[in-house]
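The model shown is predicted, which means the values in this text are computed figures rather than measured ones. Labels below follow one simple rule: chain letters A, B, ... track the order of the sequence lines, proteins then strands, and each chain is numbered from 1. All values below were derived from every heavy atom in this structure, side-chain atoms included, with hydrogens, water molecules and symmetry-related copies excluded.
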Amino acid sequence: SAARAMAAGGRSWFRALALGVSFLKCLLIPAYYSTDFEVHRNWLAITHNLPLSQWYYEATSEWTLDYPPFFAWFEYALSHVAKYFDPKMLVIENLNYTSRATVFFQRFSVIFTDILFIYAVRECCRCVNGKRAAKDILEKPTFILAVLLLWNFGLLIVDHIHFQYNGFLFGLMLLSVARLCQKRYLEGAFLFAILLHFKHIYIYVAPAYGIYLLRSYCFTANNADGSVKWRSFSLLHVTLLGLIVCLVSALSLGPFIVLGQLPQIISRLFPFKRGLCHAYWAPNFWALYNAMDKVLTIFGLKCNFLDPTKIPKASMTGGLVQEFQHTVLPSVTPLATLICTFISILPSVFCLWFKPQGPRGFLQCLVLCALSSFMFGWHVHEKAILLAILPLSLLSVQRAKDASIYLILTTTGHFSLFPLLFTPPELPIKILLMLLFTVYSFSSLKSLFRRERPLLNWLETIYLIQLAPLEIFCELIFPLTPWKRHFPFVPLLLTSVYCALGIAYAWLKLYVSVLTERISVRQKAE
Amino acid sequence: MEKWSLMAITVLLALTVRWTVSLGSYSGAGKPPMYGDYEAQRHWQEVTYNLPIRQWYFNTSDNNLLYWGLDYPPLTAYHSLLCAYIAKLINPDWIALHTSRGYESQPHKLFMRTTVFVADLLIYIPAVIFYCFSLKETSTKKKASICALCILLYPGLILIDHGHFQYPLSLGFALWGVLALSYDWDLLGSVAFCLALNYKQMELYHSLPFFCYLLGKCFKKGLKGKGLVLLIKITGTVVVSFAVCWLPFCTDMEQIMQVLRRLFPIDRGLFEACMFSSPPPRLANIWCSLSVLIKIKNIVSPQTQLKLSFAVTFLSLLPTCIKLTVQPSLRGFKFALVSCALSFFLFSFQVHEKSILLVSVPVCLIINEIPFMATWFLLVSTFSMLPLLLKDGLLLAYAVTTPAFLSLCGASFSILDKTSAEDLQLKPFSLSMKGYVSWFKSFPKIVRSLFLLSVTLMGVLSLVCAAAHPPQRLPDLFPVSVSVISCLHFLLFLVYFNVVILWDSKNSRSQKKIS
């Protein structure tokens, strides 16, 4: 009965956390929303009114459908609820239509579909071992993990203020991770295949899934030294996996292949015509690269190495335009970014193959894949950092080393999301929520690993503290200065460059820790 | 986790909720010609900035008192002046004399919301934090934060301050007063309470417990020795703080009299806020609820109304006040704050529905002693303001924060398991009643089902109010039923609080006998 009482207690705190964050999401309904709101309204209208064959051709609005078919079907299903709220939002020509009912419906659809995310978080919490069971509920790893995931700052502002449907998509991903941790490989693969056909950005982490499934599901045994036992290859398992992936893909893409629209879909899904960097530079390697180019240009002009007439105008005045023209450094092509991404992912994948560490190794590889593609990918959005932050939460509550990487990555990654919300009424919300999450993550992880050495060294601490003056300068001081009119891009530039340093550091630190890690004896025995 | 990081998280959460609520609508948004409390506050900034102090409370060609004339004590006026100086820096149009009337814009809303937010952050929230740390029962680090979280997330105050629009300063100062008294800093407490009183005359609801507690304390020390010294000190402090607050008005007697006339417009008619005026009766006051059955106004003359309400209020206050003077204790003081304010709310005249907050805040202070009853009361008090909130377009915020508060209190105090007579502090009462009543055994069950019934009723009625149209013959059906139901609740609560207060002595005496 004591165990049951504890289980009941466990359920109740989880329910309280989930309920609390859902209430907060409801309070955010009147907040600002970005153009993504109109994007999704438009998709509702397209899928509701047009036959399948025109979904990927319709272009009345500039926000054409550019997600894979499952997401289109998802919008189709939503539209059948939407018509009871306000049928006018389902008219394709009703561009930028935002009645109260539309706002409520769209916001509630995000909050409602987040139930899947909540369920996935609960499954993830079950996977975390309770060895560190503390008497105080606040210091249990499962509790901390639940807060870090459910109350994640990035997810809150991107989904519930900026407006997107990342919640249930990450729910699918975390659920598939949880299934893999529970050794329910087929389910995990199935969920991930579905996820890929909802939003193709998750293809960044597909190598981790592929190698992990191959290594631990298709090969059923290891040698004594941990290397793969080639004889244990199971044809049945490979067939099953292949079947699942093919079936899901057929279900999603099949109709469009029959219609002969596959090239059109692919051109919509992978728009390489967009620039190297998104309108706001995501804090990745290319932000540093671009910044370096600017610095060199200015330096070159000062020392008369460069001819001022040859410099493209846009690069110095416009600042953060989509098409960034490099003046000193060589321009970057999509192929180059692809190669860079591939090379940077490779070591982590090798690690997963040669140093199998079970679910933990898989998660490390997943995070590294996400981070590497974030660092070097083409036209990366700053929101994509969540793809690394959320899985890393799972690792952070289990080892002090990962916790310190997590703290650096989340703080800088979340800070880099600030430019998403630029309207004055949302300024206090983003600062308060960010502080809330940061204070919690620091104090909870610190108390969880209080017996070990400090999580951050002095350099890292100084770097993170510097974010506060940076924010004050960018949001409060800079708008009052005369530079605002001539160099409006400076705050964004500073933010993305400064954050890029932190994220690159976290990425390198994680890579080093994964590469230098030794396989423990216990795992060898497995 | 450390004590302070827990408290920091609590405060950040409370601030987040406050700001998200403030994204919504405010009182009188886009409703000319009179607008609402938001415009009143803005108008006061305009008046205090542009006119000399002599004219603030007088009807002049520049100061039409019929249009939101200043009717709060001087501190409110000074605060408006301070805000006006900041407004002037940002955009002079906001407070331009005459031309700014009814000014509404997104930046101005942001500015006004920020002033409330800052006032809350500087005065009310610190008081709550220190109060929770001062509680003896909350010596464990977790309890203090939980207690603070429940108090700070009380939806009534958030919705009125950050939604409807009002400054939490008078309640904040009163809280500082209670805090100081609980540390035995009597003079500081008196100063804080004088500030509260000079911010809003409605703080008079709390004046009797403050007065009786301090007087009782003097009596206890002996009126010939230390007590007399303390009494003189306190009197001096009160006189000095009042004098400082009123200094600019002390130039001549007419000024002071005019301010007083503005603060207490007795000639304005007694029940103006509720039953007989054209807007529907929304107040959960006893007179308003009675007016559903009897038209008091037709039977009794205004003078008699005044006397009647005065007499009933006085009678309902008397037992608590005597008790507190004779046996001053901190616990008794807190309970007396609740019961006196509730008596005033129920029986006195010229009450506004927002005045229930004057009862709610003291109830928040005893939430760790009687979590079940406190939660129940706080829910009812929020519910009683529903018609006001609906008028202001705050339905969403109400519908979110109230269930959130209920589940928060339910989770952190497990209120449904704390319904025994002992948990409700009714042990002495039940002991003295044992001979007469036999149903006390099933008391917890009855209380629990009553609570569930009441919560369901409030939930259903909120839903109906928000969604359904009233029948044409009875356009005020929903507001009236809200106020009658709340009034019934409040009457029961008044009885309950009085029982707890009056039977408290027997408890301590019997405990002494045992020891």
Side-chain angles (χ1 to χ4, degrees), chain A residues 9 11-32 100 103-104 107-108 111 134 136-139 143-144 147 151 153 156-157 160-161 423-448 450, chain B residues 1-25 90 106-111 113-114 117-118 121 140-142 145-146 149 153 155 158-159 162-163 393-412 414:
Chain A
R11 271 200 297 277
S12 82
W13 64 252
F14 188 83
R15 205 180 302 145
L17 281 178
L19 206 61
V21 78
S22 302
F23 282 132
L24 185 64
K25 291 169 186 172
C26 291
L27 278 178
L28 291 173
I29 286 175
Y32 149 87
R100 269 174 79 91
V103 175
F104 268 84
R107 290 280 199 202
F108 270 126
I111 296 169
D136 190 354
I137 185 84
L138 291 181
E139 295 187 358
F143 180 88
I144 295 173
V147 179
W151 286 74
F153 165 79
L156 271 179
I157 70 160
H160 300 277
I161 301 181
T423 45
E426 278 68 29
L427 177 71
I429 297 187
K430 72 178 178 188
I431 291 177
L432 287 171
L433 278 177
M434 170 84 181
L435 279 177
L436 185 66
F437 186 80
T438 312
V439 168
Y440 180 80
S441 54
F442 273 81
S443 56
S444 63
L445 289 176
K446 213 171 98 186
S447 70
L448 185 63
R450 75 166 80 81
Chain B
M1 280 203 288
E2 284 162 41
K3 188 162 114 179
W4 282 105
S5 49
L6 268 178
M7 194 51 102
I9 290 164
T10 302
V11 172
L12 285 168
L13 202 59
L15 290 176
T16 312
V17 172
R18 278 160 166 70
W19 192 264
T20 49
V21 168
S22 81
L23 292 177
S25 177
I90 303 171
Q106 210 53 40
H108 185 246
K109 180 185 168 191
L110 197 63
F111 165 72
R113 293 299 201 195
T114 312
F117 190 77
V118 169
L121 184 63
T140 54
K141 53 187 181 177
K142 228 164 63 178
S145 303
I146 287 175
L149 190 62
L153 286 188
I158 298 179
L159 291 171
H162 299 267
L394 293 167
L395 176 66
L396 175 74
Y398 167 80
V400 174
T401 50
T402 314
F405 178 72
L406 174 62
S407 32
L408 173 70
C409 290
S412 45
S414 49

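- Of all heavy-atom pairs spanning B:Phe405 and B:Leu153, the tightest one is CD1-O, 3.6 Å.
- Interface remark: B:Leu110 contributes side-chain atoms only to the contact with chain A (heavy atom separation under 4.5 Å).
- For A:Leu436, the parts sitting under 4.5 Å from any heavy atom of chain B are the backbone and the side chain alike.
- More than 12 heavy atoms of other residues, nucleotides or ligands lie within 6.0 Å of NZ in B:Lys109, so this atom counts as buried by the packing criterion.
- The two residues B:Ile158 and B:Val21 make their nearest non-hydrogen contact at CG2-CG2, 3.9 Å.
- Contact annotation for A:Phe104: only side-chain heavy atoms (C-beta onward) come within less than 4.5 Å of a heavy atom of chain B.
- Top candidate by heavy-atom pairs under 4.5 Å with chain A, chosen from B:Val400, B:Thr114, B:Leu13, B:Leu408, is B:Val400.
- With 3.5 Å as the limit, one finds no donor-acceptor pair spanning the side chains of B:Ser5 and B:Glu2.
- In terms of non-hydrogen atom pairs under 4.5 Å with chain B, the most contact-rich of A:Ser447, A:Cys26, A:Pro428 is A:Pro428.
- Between chain A and the residues B:Pro403, B:Ala397, B:Ala8, B:Gly410, the most heavy-atom pairs under 4.5 angstrom are made by B:Pro403.
- Contact record, B:Trp19 with A:Leu432: CB-CD1, 4.5 Å, taken as the closest heavy-atom pair.
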